[in-house]
Undergrad: 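Quick one: structure below, then a few questions.
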There are 2 protein chains.
Amino acid sequence: MADSGHGPRERMVFSAAQLIRREGVAATGMRDVAAHAGAPRGSLQHYFPGGKEQLVNEAVGWAGRYAGKRVARFLAGLDEPTPSGLFAAMAAQWTDEYRRDGFAAGCPVAAATVECAAAGTSTREAVAAAFATWRGPVAEALTGMGVPAARADSLATLMISTLEGAVLMARAEQDVRPLTTAVRELGPLLDAAVAPS
Amino acid sequence: MADSGHGPRERMVFSAAQLIRREGVAATGMRDVAAHAGAPRGSLQHYFPGGKEQLVNEAVGWAGRYAGKRVARFLAGLDEPTPSGLFAAMAAQWTDEYRRDGFAAGCPVAAATVECAAAGTSTREAVAAAFATWRGPVAEALTGMGVPAARADSLATLMISTLEGAVLMARAEQDVRPLTTAVRELGPLLDAAVAPS
DNA sequence: ACCTGGCTATGACCGTCGTCATAGTAGCGG
DNA sequence: CCGCTACTATGACGACGGTCATAGCCAGGT
């Protein structure tokens with residue numbers, strides 16, 4: 001689909017993330033990744049001598065950086081920045097995709113967590129790092145809106161975990177309602193944190 | 001471990017749920033399930049002629065019913081029932097397990113959702129049903145505490161999605177902090193819904 | 001012309017997994 | 001003892017997946 005990366009290596013990482021999003025880690029084969037990226041199969045072992053584990057870890061890392069960068073864009077797109085506005089924008093990315101393309105895909109970091117948390121140590125560290133590089137910008141944005149530093153990190157964690165759970169339930173029920181519910185119910189709580197107590 | 005079911009069939013469903021919780025659906029083999037249940041391999045095709053898909057679906061259904069029944073127990077264990085108390089009890093089940101046994105296991109329904117939402121239709125319906133049989137008792141408990149019926153379902157959805165996301169992040173970070181944070185931040189919001197506005 | 005090194009291209013190996021086929025055992029009514 | 005049914009026991013099959021091995025390109029340098 002989208003070449004999305006200049007080199008073939010980046011395309012493979014991107015394709016891996018896309019396939020993991022849909023089918024999960026175990027169901028995503030190396031051959032599938034190469035085919036989806038339009039890359040030769042032989043390039044896999046050349047660019048990723050660490051095998052599938054390395055590829056998955058890089059895909060997870062890419063997803064984490066992508067999510068972190070999106071936060072900055074969401075902030076720029078808000079006419080007046082509020083915590084609830086940021087959260088709504090984060091959720092809207094999912095509702096838009098689900099309404100447009102169906103509920104085929106979820107979060108690749110969540111998939112890697114579910115399937116690899118008990119097994120490989122390196123992948124577990126990769127998902128932890130991905131969540132950290134996602135939570136950082138969110139917490140930073142919250143402090144920039146006037147949320148006390150002590151609570152900003154907690155609220156960022158809450159936003160991300162609620163969003164992940166809502167994405168999960170939305171896929172299960174094939175309905176965006178969990179996402180819209182989360183935005184509606186959580187919004188006031190988030191905005192109430194801007195004025196220092 | 002726990003025989004936990006009278007018949008061998010129930011033991012296999014239970015074992016399947018346990019293994020899916022830890023390793024995911026794809027990484028859980030039929031042979032592993034039989035071994036974990038202490039059941040003969042041949043019993044699998046006898047009790048589950050629908051193959052792995054049927055076994056997974058039943059494991060997911062079992063998990064949903066289990067979660068639904070737990071809600072009643074949590075209610076009974078609260079000296080005075082409040083929404084935040086219920087949510088804290090639901091989260092405590094996870095924090096207790098994680099502190100006691102480590103972060104090896106997650107929610108089997110979440111695992112099945114992540115790995116099967118795009119593929120099999122029957123499993124997707126099974127996870128949707130599981131979430132429904134979980135959300136029902138929670139919403140019912142909320143109305144019993146004085147939450148308006150209109151909001152009870154929304155709050156139940158919010159509680160479950162936040163809990164699922166927090167479980168996910170807790171496993172990723174090997175830290176119960178996401179769970180405790182969710183309880184602390186979400187509690188006041190939930191209790192604020194008891195008095196009709 | 002020749003070597004080097006980044007990359008591509010395939011085929012093969014080996015393990016695993018879900019499933020099927022077939023045979024065996026245990027209990028039981030008659 | 002027979003026949004029936006429920007369940008157990010194992011071996012085999014076919015498919016697939018990750019990885020390794022080997023060989024083929026095709027620059028660019030000298």
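Protein chains get the first letters and strands the later ones, always in sequence-line order, with residue 1 at the start of each.
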Undergrad: Rounded to whole angstrom units, what separation is found between the CD atom of A:Glu53 and the P atom of D:dG18?
TA: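 To the nearest whole Å, that distance equals 13 Å.
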Undergrad: I need the CD-P distance between A:Gln45 and C:dA12, as an integer number of Å.
TA: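 Spelled out: CD on A:Gln45 to P on C:dA12 is 16 Å.
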Undergrad: Measure CD/A:Glu23 against P/D:dG17 and give the value in whole Å, please.
TA: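 In whole Å, D:dG17 P lies 11 Å from A:Glu23 CD.
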Undergrad: At what distance, to the nearest 0.5 angstrom, does CG of A:Leu158 lie from CE of B:Met169?
TA: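 That separation rounds to 10.0 Å.
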Undergrad: Under 3.5 Å, is there a donor on one side chain and an acceptor on the other for A:Gln54 and A:Glu58?
TA: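 Yes, A:Glu58 and A:Gln54 have a side-chain donor paired with an acceptor closer than 3.5 Å.
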Undergrad: Of the nucleotides C:dA9, D:dG18, D:dA9, which has the atom closest to the B:Pro40 side chain?
TA: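 The answer is D:dA9.
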Undergrad: So how far is it from B:Ile160 CD1 to A:Leu168 CG, rounded to the nearest 0.5 Å?
TA: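 If we round to the nearest 0.5 Å, B:Ile160:CD1 and A:Leu168:CG are 11.0 Å apart.
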Undergrad: Using whole Å, what does the distance between atom P of nucleotide C:dT19 and atom CD of B:Gln54 come to?
TA: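 Taking CD of B:Gln54 and P of C:dT19, I get 10 Å after rounding.
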Undergrad: Using whole Å, report how far CG of A:Leu44 lies from P of D:dG18.
TA: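 To the nearest whole Å, that distance equals 10 Å.
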Undergrad: Between A:Lys52 and B:Arg41, which has a closest nucleotide on DNA chain D that is more 5'?
TA: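 The residue closer to the strand's 5' end, by nearest nucleotide, is B:Arg41.
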Undergrad: Closer to the 5' end of DNA chain C via nearest nucleotide, is it B:Gly51 or A:Ala39?
TA: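 On the 5' side of the pair lies A:Ala39.
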Undergrad: So, does A:Thr181 use its side chain to make a donor-acceptor pair with the main chain of A:Arg177 at under 3.5 Å?
TA: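 At least one qualifying donor-acceptor pair exists.
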Undergrad: Between atom NE2 in A:His46 and atom P in D:dA23, what is the gap in whole Å?
TA: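 Nearest whole value for this atom pair: 18 Å.
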Undergrad: Specify the separation, in whole Å, of atom OH of A:Tyr47 and atom C1' of C:dC7.
TA: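 Computing the A:Tyr47:OH to C:dC7:C1' distance gives 6 Å.
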Undergrad: What is the separation between atom CG on B:Asp32 and atom C1' on C:dT16, rounded to the nearest whole Å?
TA: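 It works out to 10 Å between those atoms.
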Undergrad: Can you tell me if B:Ser43 touches the phosphate of D:dT8, counting only side-chain N or O atoms and a distance under 4.0 Å to OP1 or OP2?
TA: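 Yes, because at least one side-chain N or O of B:Ser43 sits under 4.0 Å from OP1 or OP2 of D:dT8.
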Undergrad: What nucleotide among C:dC17, C:dT8, D:dG18 has an atom nearest to a side-chain atom of A:Met30?
TA: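 In terms of side-chain proximity for A:Met30, the closest of C:dC17, C:dT8, D:dG18 is D:dG18.
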